[in-house]
Enquirer: 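My structure is below; once you've seen it, I'll send some questions.
The chains referred to below are lettered A, B, ... by the order of the sequence lines, with proteins before strands, and numbering in each begins at 1. No experiment lies behind these values; they were computed from the predicted model shown.
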Protein chains: 2
Amino acid sequence: MLHEEVVSRLRDMLLEGEVPPGARIPERELCLKLKISRTPLREALKVLAAEGLVLLLPNRGSRAARLTDKDVHDLFEVCQGLEALAGELACERITDEQIKEIAEAHHAMVANYRDGDLAQYYRRNRQIHEGIVAAACNPVLSGLYDSVTARIRRARYLTPMTPPRWAIAIQEHDAILNALQRRDGTGLAHILRAHLRHKREEILKAGFAEIDSVRGLAAHENGNNESAAGRA
Amino acid sequence: MLHEEVVSRLRDMLLEGEVPPGARIPERELCLKLKISRTPLREALKVLAAEGLVLLLPNRGSRAARLTDKDVHDLFEVCQGLEALAGELACERITDEQIKEIAEAHHAMVANYRDGDLAQYYRRNRQIHEGIVAAACNPVLSGLYDSVTARIRRARYLTPMTPPRWAIAIQEHDAILNALQRRDGTGLAHILRAHLRHKREEILKAGFAEIDSVRGLAAHENGNNESAAGRA
DNA sequence: AATCCGTGTTTTGAATTCAAAATTGTGAGA
DNA sequence: TCTCACAATTTTGAATTCAAAACACGGATT
């Protein structure tokens with residue numbers, strides 16, 4: 001297995017909550033599961049620590065990072081800036097073909113909304129946001145966006161949405177698609193920022209950090225990874 | 001030596017050009033110089049590779065990253081976005097004390113300009129930009145800013161400035177301080193963006209990437225790290 | 001009963017070792 | 001002379017090993 005593979009495999013495990021937030025990272029177990037020795041595993045952990053997904057405690061191992069409310073706040077703030085920038089650039093650079101793809105994802109997402117299919121809705125939603133970033137044609141931006149969104153992914157997609165919030169999100173996405181089709185960079189930047197600001201407010205109001213934190217603690221205290229999350 | 005120390009020591013060496021862009025990274029040498037074994041060195045290299053400062057070639061070692069014009073373009077584009085965001089946030093959160101500090105750095109910088117002291121000028125300049133980012137009170141933003149500015153540091157501070165450009169830069173910095181003192185976030189964001197856009201144009205016009213690339217190649221081809229840079 | 005102390009165990013961090021891959025150097029043949 | 005092939009050497013990537021640090025458990029002491 002290649003270094004980058006180990007990193008992304010491990011990153012996925014963290015994002016999936018296979019190792020819950022705050023839980024100690026079981027080096028030994030992971031070595032067996034990934035069939036690698038400690039050396040490449042630890043290399044990957046250092047990389048993930050630099051990304052902010054893992055907490056490195058000198059001489060006492062590493063833990064899956066846990067987000068505080070402040071972290072969520074700050075990450076969303078930066079995410080707003082990155083998506084706003086992406087929106088502006090996308091309007092300058094996006095092809096008609098790419099707009100068509102995003103429009104299709106948008107309509108599919110609206111259908112998911114009508115069906116009340118949250119999982120599919122989130123999938124399409126993510127596809128749209130990522131499409132806009134990709135259309136900015138800036139790999140540096142894409143990279144930072146990936147790393148920031150990775151850290152808030154759990155907050156973003158695990159927090160349940162209230163029906164009124166969902167309705168508003170749909171309206172906002174209408175405006176997003178509209179601005180994109182008009183190639184109104186400034187307008188798109190503004191609506192994206194507002195959209196994410198609202199999402200953030202929703203998440204912080206729901207007390208995500210506390211929920212996630214408790215889940216992590218529970219899993220930690222009885223040394224159980226899989227089932228504790230459900231039990232907590 | 002702690003892991004983070006190795007990373008930042010190594011990062012400094014790359015930024016200083018001690019290992020020139022494009023040059024092979026001499027694992028053995030660095031182990032001796034830092035008095036560590038290959039394991040922690042390689043851990044640091046993977047982290048720096050994730051940061052974009054090091055290029056990892058499977059089975060053929062690692063090289064100091066070399067920036068293309070496109071890289072410089074993209075990095076500055078993102079940097080514009082980050083500083084613009086920082087400027088907006090700073091205007092909401094900065095204390096009078098912090099403004100005073102930045103104002104002092106500004107005036108010192110203007111004095112450096114009058115003296116024609118480019119090195120000191122750049123030092124103050126950086127202090128101002130970093131001060132604005134710090135005033136945004138967002139560690140996530142600071143982190144991304146650090147990593148992006150690290151990658152373009154050589155381009156930013158090694159490219160010589162033409163006298164007219166320098167004069168304009170001073171004007172722009174007047175406007176920056178002014179917006180900050182008025183706590184005009186939107187205005188500050190705009191002027192910062194323009195300021196960095198101009199800087200980028202200057203650098204790309206000067207053909208930084210080619211210059212840096214040649215320097216790296218020369219150092220690579222005769223296996224010499226230190227003296228080649230000066231000789232090229 | 002609660003706390004402190006000491007011993008044995010586990011875990012961590014880093015050096016070393018080892019196999020595989022790439023690179024270099026040399027000589028044979030065109 | 002130039003090119004190709006092949007052996008020797010070096011370098012890489014990862015497993016193993018080893019010392020030091022943290023941890024866990026038990027017994028002694030107050």
Enquirer: Just how far, in rounded Å, is C1' of C:dT11 from CD1 of A:I25?
Expert: 14 Å

Enquirer: Rounded off to whole Å, could you give me the CG-to-C1' distance for the A:L30 and C:dT11 pair?
Expert: 14 Å

Enquirer: Quick one: label B:L2 by what it contacts on the DNA or RNA (base, sugar-phosphate, nothing), any heavy atom closer than 4.0 Å.
Expert: nothing

Enquirer: For B:E202 versus B:M161, what's the shortest heavy-atom pair and its separation?
Expert: OE2-CA, 4.0 Å

Enquirer: Which pair of heavy atoms, one from A:C31 and one from A:L41, lies closest together, and at what distance?
Expert: SG-CD2, 3.8 Å

Enquirer: Name the one of A:T149, A:L144, A:L192 that satisfies side chain to side chain contact (heavy atoms under 4.5 Å, CB included) with A:C79?
Expert: A:T149

Enquirer: Please name the residue in the list A:R11, A:R9, A:K33 that meets the salt bridge (Lys or Arg N to Asp or Glu O under 4.0 Å) test with A:E18.
Expert: A:K33

Enquirer: I need the minimum non-hydrogen distance between A:A105 and A:I128, along with the two atoms involved.
Expert: CB-CG1, 3.8 Å

Enquirer: Polar atom pairs between nucleotides 19-23 of chain C and protein, under 3.5 Å, N or O only, would you list them?
Expert:
unit_1, atom_1, unit_2, atom_2, d
C:dT23, OP2, B:R60, NH2, 3.2

Enquirer: Would you mind reading off the distance between A:E43 atom CD and C:dG13 atom P, rounded to a whole angstrom?
Expert: 14 Å

Enquirer: Dump the pairs, protein N or O against N or O of nucleotides 16-18 of chain D, anything under 3.5 Å, distances to one decimal.
Expert:
unit_1, atom_1, unit_2, atom_2, d
D:dT16, O4, A:T39, OG1, 3.4

Enquirer: Would you indicate whether the side-chain heavy atoms of B:N112 and B:Y122 approach each other to under 4.5 Å?
Expert: no

Enquirer: Give the minimum heavy-atom separation between B:H73 and B:R200, together with the two atoms involved.
Expert: O-NH1, 3.3 Å

Enquirer: Please state how far atom CZ in A:R42 lies from atom P in C:dA15, giving the value in whole angstrom units.
Expert: 12 Å

Enquirer: From CG of A:L41 over to P of D:dA15, roughly how many Å is that when rounded to an integer?
Expert: 10 Å

Enquirer: Do you know the tightest heavy-atom contact between A:A64 and A:P20?
Expert: CB-O, 3.4 Å

Enquirer: Rounded off to whole Å, could you give me the CG-to-C1' distance for the B:L34 and C:dA14 pair?
Expert: 14 Å

Enquirer: Which is more 5' along DNA chain D, the nucleotide nearest B:S62 or the one nearest A:P40? Just name the residue.
Expert: B:S62

Enquirer: Which whole-number value in Å describes the distance from B:E4 CD to C:dG13 C1'?
Expert: 15 Å

Enquirer: For C:dT11, does OP1 or OP2 lie under 4.0 Å from any side-chain N or O of A:R28?
Expert: no

Enquirer: For A:R154 and A:E16, work out which heavy atoms get closest and say how close.
Expert: NH1-C, 3.7 Å

Enquirer: If I take atom CD1 in residue B:I36 and atom C1' in nucleotide C:dA15, what distance separates them, rounded to the nearest angstrom?
Expert: 11 Å

